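Residue numbers start from 1 in every chain, and the chains themselves are labelled A, B, ... in the order their sequence lines are given, proteins ahead of strands. Quantities reported herein were computed from a predicted structural model and do not represent experimental measurements.
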There are 2 protein chains.
Amino acid sequence: MARRPVTTSQNTKDLDARKATILEAVVAEHIDTAQPVGSSSVAHSADLDVSPATVRSEMVALEHEGYLAQPHTSAGRVPTDKGYRYFVDHLKSGVMSSAQQHQVQDFFANVRGEVEDVLQQTSSLLSRLTNYTSVVVRASHGHASILSVQLVSLDARHQVLVVVFSDGAVIKHSIMSTYDASFEDVTEASRQLNALLLTTTLESRVQVPSRSDNVATLVREAVSVLHAEQPTLDGEQVFIGGSSRVAEVFDGVETVRTVLSILEQELLVVTLIQDILGRGLSVAIGSEHGYEALSSCAVIVAPVTIDGEPAGAVGLLGPTRMKYPEALAAAAMVSQQLTRHLDGEDGLG
Amino acid sequence: MARRPVTTSQNTKDLDARKATILEAVVAEHIDTAQPVGSSSVAHSADLDVSPATVRSEMVALEHEGYLAQPHTSAGRVPTDKGYRYFVDHLKSGVMSSAQQHQVQDFFANVRGEVEDVLQQTSSLLSRLTNYTSVVVRASHGHASILSVQLVSLDARHQVLVVVFSDGAVIKHSIMSTYDASFEDVTEASRQLNALLLTTTLESRVQVPSRSDNVATLVREAVSVLHAEQPTLDGEQVFIGGSSRVAEVFDGVETVRTVLSILEQELLVVTLIQDILGRGLSVAIGSEHGYEALSSCAVIVAPVTIDGEPAGAVGLLGPTRMKYPEALAAAAMVSQQLTRHLDGEDGLG
DNA sequence: GGTTAGCACTCGGTAGAATCGAGTGCTAGC
DNA sequence: GCTAGCACTCGATTCTACCGAGTGCTAACC
């Protein structure tokens, strides 16, 4: 997956009022119709009392400044990524239909079950609301403290390590011992692990016993397996909803393929979302997120917190000509309601 | 999702040798080219020494008997589901390239990690091998015996119930108590739960204490939450690999959409696979599996066992004109190797 | 100077006609 | 029973003409 350098500054200085109106009209209409937009329809729709000819001359200016592009001579104008960016940056906060608002409220009033299930369903909800593919990311439990460690024997050579975190997450790891571990060994190792790890986090490193008896070996093995957890995927979980939307929202089999195959790579998705979030954006349009393969996509993200701490994010993936007002509003409302829901449950469903 | 009655008997009585050869030639060529197949190419390719005209008259017969169809007059023939069925039923066992065989062996020689990860990667492997979308289903732990039950307190009102099964699976459930549970209450409840549930299975029902003290309430809550596990999804896990293949393998956005949206519904996928498996088939073609929406798909399944007991299945989803010999061989080899891998690990990775 | 009406020009999209050709079904003869 | 021959069908391709939405430019207008 080719990664291009990221443009940090948006370089969207304000346009004069009329250019802005025209740009916004073009973007809005193109989002609506998926067609290049001509000067006359802009002249009529936007309530500036000027002739198409005037609009045209403004359009060439906007084209020179990089906000618009022309698929070919004698076609209308189409927004560039920069054009969309301006549009998004100058959006007055959108609204959701009250029917949709109710839908969200009802959802959160009625969900129950494990956090994982709630997050998966939230992802589906967001996708249904917007008709785009939705992504919900749950932050890693890297800095949640450990509440319980338990080693359970499957048989003499196989043990399962189960760790419960303060955020309610549970992880398991399988351990294969190199010698036959007695029931007592395992129980004792389990006891020592608790003593060792309780209240620490996955990020902290602990002193392991250096003895070479069976129990110490088990303990060392368990601790090392836990610490090995980090490098791969940081323990984030990804929940994708409405992946079938990809097929209806993008045109061109090739694009659909590419986007789907990116969605298959959870690590990539997590990185992407965190990247955007880290840059303090709520939308990344086209080339902005730096993934060549997603150059025809826009990504909307909204953070989710628990007790004020970052706990994940919700995201939406659509074409650059996505319905920003609605999508932004939906993402905002869902992330906010999800945050409240998780807070209300003390960090766990 | 409309469900049609399932055809149980295949009704594929043998055809005479020449018809069979012709039918097989048509199917093979159509799988290869995706085009309707004409009489002359069959006459040349298959080594029957007859003229196209003869082939033609056989073809009308095959059409009457329902093995072939004509998209329109003056086009070649295309196999029907029944035609594919005959082809599959009379397939001499296919072969995999030795390169692919090595790929599979290398994979299983080198995978490590949790079963879940292994299964997910196996799914990706199978998809890469075949260029179709792959599904790996892990059977529910409904009749694995319980090795350990633990109740962990998040805070006074929230507990996490963690259960470890003999097959190495770990499940968790969140519990909200209606009163403040002390640390001692939780420890005691945990102890009692162990006494109650150890060596039982999720399917068995146990006698819960009828007292109304705090501990008993916790215990009842925990047990009921466990038993409630069953009805929804039976605890099966689904791992889908290469969903992006859908976009390149089916034509028509609508089909892609439908197939993707079915893959989103895990319950449906599990049912489908188990259904096919239950009918003792290894392939379900077009209308055979009874899902209207998948009428242009073929599904290949192969069971996976642990110690001879059913433990899940691997599956492939492709168009009815999929490359059956290769796909069947790949599914067979992967399921067999996976079975061996899981057996070798004593039922757990 | 900014705005506008007028106009010639561009060029993608569509509709229709002509044609091609792969493939069929039928029939008569071997 | 097989096959050569033949008329016929019908989707796909190509070509042409043409329409019209939209542009850029210029000259006049306020």
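- Nearest heavy atoms, B:Pro36 versus B:Pro71: CG-CG, 4.0 Å.
- The nearest whole Å value for the distance from the CD atom in A:Glu29 to the P atom in D:dG22 is 9 Å.
- Side-chain atoms of A:Thr54 lie closest to C:dT4 of the nucleotides C:dT4, C:dC26, D:dT23.
- One can place CD1 of A:Ile22 at 15 Å from P of C:dG2, the figure rounded to the nearest angstrom.
- Distance from the side chain of B:Gln70 is smallest to C:dG25 among C:dG25, D:dT23, D:dC2.
- Distance B:Glu58 CD to D:dG1 C1': 10 Å, rounded to the nearest Å.
- With distances taken from any side-chain atom of B:Ala53 to the nucleotides D:dG22, C:dT4, D:dT3, the minimum falls on D:dT3.
- Taking atom CZ of A:Arg77 as the reference point, atom P of D:dA21 lies 17 Å away to the nearest angstrom.
- Regarding A:Leu68, its CG atom lies at a distance of 11 Å from the P atom of D:dG24, rounded to whole Å.
- Taking only distance into account, the side chain of B:Ser74 never meets the base of C:dT24 through a donor-acceptor pair shorter than 3.5 Å.
- Of the residues near DNA chain D, B:Pro52 and A:Ser40, the one whose nearest nucleotide (by heavy atom distance) lies more toward the 5' end is B:Pro52.
- Close to D:dC2, at under 4.0 Å from its OP1 or OP2, lies no side-chain N or O of B:Ser57.
- One can place CD of A:Gln35 at 9 Å from P of C:dG13, the figure rounded to the nearest angstrom.
- Atom CZ in A:Arg56 sits about 14 Å away from atom P in C:dC7, given to the nearest Å.
- Sparse packing is recorded around NZ of A:Lys323, with 12 or fewer heavy atoms of other residues, nucleotides or ligands lying under 6.0 Å away.
- Not a single donor-acceptor contact under 3.5 angstrom links the side-chain atoms of B:Thr73 to the base of D:dT9.
- With rounding to whole Å, A:His72 atom NE2 is found 5 Å from C:dG12 atom C1'.
- Checking A:Ile276, A:Leu268, A:Val269 one by one against A:Leu272, the side-chain contact (heavy atoms from CB on, under 4.5 Å) holds for a single residue, A:Ile276.
- Few gaps surround CG on A:Asp16; more than 12 heavy atoms of other groups in view lie less than 6.0 Å from it.
- Under a cut-off of 6.0 angstrom, the local environment of NE2 in B:His64 is sparse, with at most 12 non-hydrogen atoms contributed by other residues, nucleotides or ligands.
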